[in-house]
Amino acid sequence: MHILITGGAGFIGSHVVRHLLNTYPSYTITNLDKLTYAGNLANLKDVDGSPNYRFVKGDITDAAFLAKLFAENRFDGVIHLAAESHVDRSIASPVEFVLANVLGTVNLLNAARVSWDGDFEGKRFYHVSTDEVYGTLGREGMFTETTPYDPHSPYSASKASSDHFVRAFSDTYGLPVVISNCSNNYGSCQFPEKLIPLFINNIRHGKPLPVYGKGENVRDWLWVVDHARAIDVIYHQGKSGETYNIGGHNEWTNIDLIKLLCGIMDRKLVREPGTSASLITYVTDRAGHDLRYAIDASKLQRDLGWVPSLTFEEGLEQTVDWYLSNQEWLDEVTSGAYQRYYEEMYAGR
Ligand code: NAD
Ligand code: DAU
C-alpha cells in the first residue's frame, strides 16, 4: 500500500503521517508539502528516518508537478490535508485560499483520475475537510452530514468549494472518494496563530490574550491524535462516496476555555492564581465570526466504531506540557515573518 499524504508537514498532517507509519509498518507513505509558514519538517523528526517514509517538497497548485509525481509513483490512495487553514489569514488574503484550497484540490483530483485511468479497484481519494462549511449554529442543534452548506469566511467558502469538487469527481468520473468534516483540533505542533497555542505562547511571554468580541463563540474541540485515528478508520473502512463528521462532543465558549487554560498555565508556571487571566483583553471581533460549531459524530461511531480517546481536560493538560517542553519549537516558528504577521493582524484591534 502506497499512500500519498498532502500537507503532512502541517499540524494535523504530521499526526496522520506518524499514526499511519506506526500503525502500518508495511505501508509506504509519501508526504507532499510545500512547506508554507505552517509546514515544518521538525514536526516529523521522530519518523523521518523510517525506511517506508519519503518527503517530497511541492505545490499542489502546480498541475505539471503533480502529473509527474503521479506518473512516477503508483499511489493506491491519497489523503489530502494540504490547505491554507487559518480563518484570519483568509480574511486578509482570500485569493491565496482559492488557489491552495480550490485549485490545489482540483489539480490533485485530476492527477489521481488521470493516473488511475478508470481502474479504481483498491483506490481511494480521501479529502479532509472542516465543519466550518456548514456555517454557524444558534444556541441549539448540531451539524450532521446532511446539514446544508453555508460557509461565511473565505477559508470556509474555499473548503466548501473543494468538497463540492470532490463530490463532482465522484459523480462525473466515478473517482472513489470519501470526505470527513471535523471540528476544531488541538494538540502538539499546531502553529501558534490558532487560539490554544497562541494563548499558551502569549501567557509564556506575559503578552495580552486577544479575545475576539465577548468570547461567547462556541467551538467543539477534538484532540488531534483522535482526528488522526478517525482518518485511519475512515480511510480503511469508510464507504466510497460518503461523508463522515468527526467531533469530540466537547463544546466550550472561548472565554470558558481560555479561563481553563489560564488556570493550567498558572499551575504549570508556578504563578499566582489569576496571573494568566489578568492578560485577557477583549478586542474587535473577527469579521463574519461564526457563533457556534457543534458536530454530531454519531454516524462515525455507529458505522465505524470510532470514539474519542481522551477527555478535554487530559488533552489540554498534555498539550500545555508539550508546548512548555518544546519552547525552542515555539521560538523558531514565531521568529521573523511571524512577528510581522502578528503585529499587522492585531494592530488597532
Ligand atoms: P496547517 O496549516 O497546520 O497545515 C497545512 C499544511 O499544508 C502545511 O504543512 C502547508 O505547508 C501545506 N500546504 C499549504 N498549501 C500547500 C500547497 N499549495 N501545496 C502543498 N502543501 C501546501 O493546517 P491543519 O490545521 O493541519 O489542517 C490540515 C487540514 O485539515 C486542512 O485541510 C484543514 O482545512 C483541515 N481541518 C483543520 C482543522 C483544525 O482544527 N486545524 C479542523 C478540521 C479540518
Ligand atoms: O472548526 C474547524 C476549524 O477550526 C478548522 O477548519 C480551521 O482550519 C481551524 O483554524 C479552526 O478555525 P477557528 O477559526 O475556529 O480557529 P481559531 O483557533 O482561529 O479560533 C478559535 C476561536 O477563538 C474562534 O472563535 C476565534 C477565537 N479567537 C481566535 C484567535 C486566533 C480569539 O478570540 N482570539 C484569537 O486571537
Side-chain angles (χ1 to χ4, degrees), residues 5-16 31-41 43-44 56-62 65-66 79-91 96-97 99-101 103-105 107-108 127-134 136 143 151 153 155-156 158-159 162-163 180-187 189-199 202 208-222 224 227-228 231 246-247 252-255 257-258 280-286 289-295 342 345-346 349:
I5 297 185
T6 70
F11 166 49
I12 301 171
S14 60
H15 285 276
V16 174
N31 171 15
L32 160 61
D33 200 295
K34 180 180 171 183
L35 298 183
T36 66
Y37 76 94
N40 186 350
L41 289 178
N43 296 351
L44 287 164
V56 177
K57 186 171 187 301
D59 188 338
I60 56 169
T61 66
D62 182 347
F65 159 77
L66 285 180
I79 303 181
H80 175 39
L81 296 108
E84 288 292 339
S85 68
H86 188 39
V87 173
D88 292 323
R89 287 186 191 252
S90 82
I91 294 168
E96 279 177 35
F97 282 67
L99 293 177
N101 299 359
L103 179 64
T105 300
N107 280 341
L108 199 62
H127 178 61
V128 176
S129 191
T130 170
D131 60 357
E132 299 202 9
V133 299
Y134 299 124
T136 186
F143 297 133
S153 72
Y155 163 69
S156 54
S158 70
K159 291 296 289 187
S162 67
D163 292 10
S180 59
N181 296 81
C182 188
S183 61
N184 286 62
N185 283 215
Y186 70 94
C189 299
Q190 184 170 32
F191 195 85
E193 61 189 353
K194 309 278 170 68
L195 183 71
I196 291 177
L198 173 69
F199 279 31
N202 283 12
L209 305 178
V211 179
Y212 296 164
K214 295 183 175 153
E216 284 170 353
N217 303 67
V218 175
R219 296 293 182 266
D220 182 353
W221 293 91
L222 179 70
V224 63
H227 189 186
I231 289 174
I246 311 173
W252 287 80
T253 61
N254 290 340
I255 195 63
L257 184 161
I258 290 160
I280 290 174
T281 310
Y282 292 92
V283 300
T284 310
D285 208 353
R286 172 185 279 173
H289 198 174
D290 287 334
L291 175 68
R292 174 171 166 257
Y293 304 145
I295 277 279
Y342 192 83
M345 180 59 74
Y346 290 91
R349 256 197 141 127

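Note that this is a predicted model, so its numbers are computed, not measured. Start at 1 and go down the list; that is how both ligands and their atoms are numbered.
Contact record, Asp220 with Tyr293: CB-O, 3.7 Å, taken as the closest heavy-atom pair. When all heavy atoms are compared, the tightest approach of Ser183 to Ile295 is CB-CG1, 3.9 Å. The two residues Asn181 and Thr130 have their closest heavy-atom pair at ND2-O, 3.0 Å.
For Leu103, the side chain to side chain contact (heavy atoms under 4.5 Å, CB included) partners are Thr61, Leu99, Asn107, not counting sequence neighbours. Lys57 pairs by the side chain to side chain contact (heavy atoms under 4.5 Å, CB included) definition with Leu35, Phe55, not counting sequence neighbours.
Near Leu198, meaning under 4.0 Å from any of its heavy atoms, are these atoms of ligand 2: 36 (O). Set against the non-hydrogen atoms of Thr130, the atoms of ligand 2 under 4.0 Å away are 1 (O), 2 (C), 3 (C), 5 (C), 6 (O). Close approach to His86 involves these atoms of ligand 2, each under 4.0 Å from a residue heavy atom: 19 (O). Near Tyr155, with a cut-off below 4.0 Å to any heavy atom, the atoms of ligand 2 are 5 (C), 6 (O), 7 (C), 8 (O). Within the listing of ligand 2, atoms 7 (C), 8 (O), 9 (C), 10 (O) sit less than 4.0 angstrom from a heavy atom of Ser85. Which parts of ligand 2 touch Val87 is read off a 4.0 Å heavy-atom cut-off, strictly below it: atoms 14 (O). Residue-ligand proximity, Glu193 to ligand 2, at heavy-atom distances under 4.0 Å covers atoms 31 (C). Taking a cut-off of under 4.0 Å to the non-hydrogen atoms of Gly7, the atoms of ligand 1 that pass are 6 (C), 7 (O). Close approach to Val128 involves these atoms of ligand 1, each under 4.0 Å from a residue heavy atom: 30 (O), 32 (O). Counting atoms of ligand 2 from 1 in the listed order, those under 4.0 Å from a heavy atom of Val211 are 33 (O).
For atom 1 (O) of ligand 2, the closest non-hydrogen atom of the protein is Asp131 OD1, 2.5 Å. The protein atom (non-hydrogen) at minimum distance from atom 5 (C) of ligand 1 is Ala83 O, 3.4 Å. From the protein, the heavy atom lying nearest to atom 8 (C) of ligand 1 is Asp33 OD2, 3.6 Å. From the protein, the heavy atom lying nearest to atom 14 (O) of ligand 2 is Arg286 NH1, 2.6 Å. Of the protein's non-hydrogen atoms, Tyr346 OH, 2.7 Å is the one closest to atom 36 (O) of ligand 2. Among all non-hydrogen protein atoms, the one lying nearest atom 25 (O) of ligand 1 is Phe11 CD2, 3.7 Å. At the shortest separation from atom 21 (C) of ligand 2 among protein heavy atoms lies Leu195 CB, 3.9 Å. Closest protein heavy atom to atom 19 (N) of ligand 1: Ile60 N, 3.0 Å. Here the protein heavy atom with the shortest distance to atom 11 (C) of ligand 2 is Asn184 ND2, 3.4 Å.
Ligand 1 lies less than 4.0 angstrom from a heavy atom belonging to Gly58. Taking 4.0 Å as the cut-off, Ser14 does not count as a neighbour of ligand 1 on heavy-atom distance. Remark: distances from the non-hydrogen atoms of His289 to ligand 2 include one below 4.0 Å. Residue contact check for ligand 1: Cys189 places no non-hydrogen atom closer than 4.0 Å to it. A heavy-atom separation below 4.0 Å is not found between Gly104 and ligand 1. Every heavy atom of Tyr37 sits 4.0 Å or more from the atoms of ligand 1.
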Q: Report the C-alpha distance between Tyr346 and Thr281 in whole Å, list the side-chain angles of each, state the deciding distance to 0.1 Å, and finish with yes or no for side chain to side chain contact (heavy atoms under 4.5 Å, CB included).
A: CA-CA 12 Å; Tyr346 290 91; Thr281 310; over 6 Å; no
Q: Could you give me the CA-CA distance, side-chain angles and deciding distance for Val211 and Phe199, then say whether side chain to side chain contact (heavy atoms under 4.5 Å, CB included) is met?
A: CA-CA 10 Å; Val211 179; Phe199 279 31; 4.2 Å; yes
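Below 30°, between 30° and 60°, or above 60°: for Phe191 and Tyr37 the angle between ring planes is above 60°, a perpendicular geometry.
Taking all heavy atoms of Thr281, Ile255, Leu209, Asn254 into account, the minimum distance to atom 27 (C) of ligand 2 is reached by Asn254. Across Tyr342, Tyr212, Trp252, heavy-atom proximity to atom 30 (C) of ligand 2 is greatest for Tyr212. Residue nearest to atom 1 (P) of ligand 1, selected from Ser85, Ala9, Gly39: Ser85 (by heavy-atom distance). Remark: among candidates Lys34, His15, Lys194, the nearest residue to atom 21 (N) of ligand 1 is Lys34, based on non-hydrogen atoms. The residue among Leu35, Ile12, Thr6 with a heavy atom at the shortest distance from atom 37 (C) of ligand 1 is Ile12. Considering Thr36, Leu81, Ile231 only, the shortest heavy-atom separation from atom 29 (C) of ligand 1 involves Leu81. Of the candidates Gly8, Ala38, Cys182, Ser129, it is Ser129 that places a heavy atom closest to atom 44 (C) of ligand 1.
Side-chain atoms of Ile196 and Leu257, non-hydrogen and from C-beta on, do get closer than 4.5 Å to each other.
Taking a cutoff of 4.0 Å between a charged side-chain nitrogen and a carboxylate oxygen, Arg89 and Glu193 qualify as a salt bridge.
Any N or O atom pair closer than 3.5 Å counts here, and Tyr293 shares no such pair with ligand 2. Considering backbone and side-chain N/O of Ala82, none are found under 3.5 Å from N/O of ligand 1. Annotation: Pro210 places an N or O atom under 3.5 Å from an N or O atom of ligand 2; distance criterion only. Looking at ligand 1, you'll find an N or O of Tyr155 within less than 3.5 Å of one of its N or O atoms. For ligand 2, the polar-atom distance check finds an N/O of Glu132 within less than 3.5 Å of one of the ligand's N/O atoms. Looking at ligand 2, you won't find any N or O of Asp88 less than 3.5 Å from one of its N or O atoms. Checking only distances, His227 never comes within under 3.5 Å of ligand 1, N or O to N or O. Of the N or O atoms in Asn184, none lie within a sub-3.5 Å distance of an N or O in ligand 1. For ligand 2, the polar-atom distance check against Asn217 finds no nitrogen or oxygen pair separated by under 3.5 Å. Residue Arg219 has at least one N or O atom closer than 3.5 Å to an N or O atom of ligand 2.
Using a 4.0 Å cut-off between heavy atoms, Lys194 contacts ligand 2 through both its backbone and its side chain. By the criterion of a heavy-atom distance under 4.0 Å, the side chain of Lys159, and not its backbone, is placed next to ligand 1. Counting heavy atoms under 4.0 Å from ligand 2, residue Ser183 touches it through the backbone alone.
With hydrogens and angles disregarded, a donor-acceptor distance shorter than 3.5 Å links the side chain of Thr6 to the backbone of Ala82. Put simply, the side chain of Asn184 never gets that close to the backbone of Trp221: no donor and acceptor are under 3.5 Å apart. Remark: the backbone N or O of Phe11 is not paired with any side-chain donor or acceptor of Asn43 at under 3.5 angstrom.
A cation-pi geometry, defined here as NZ or CZ lying under 6.0 Å from the six-membered ring centre and within 45° of its normal, does not hold between Arg219 and Tyr186.
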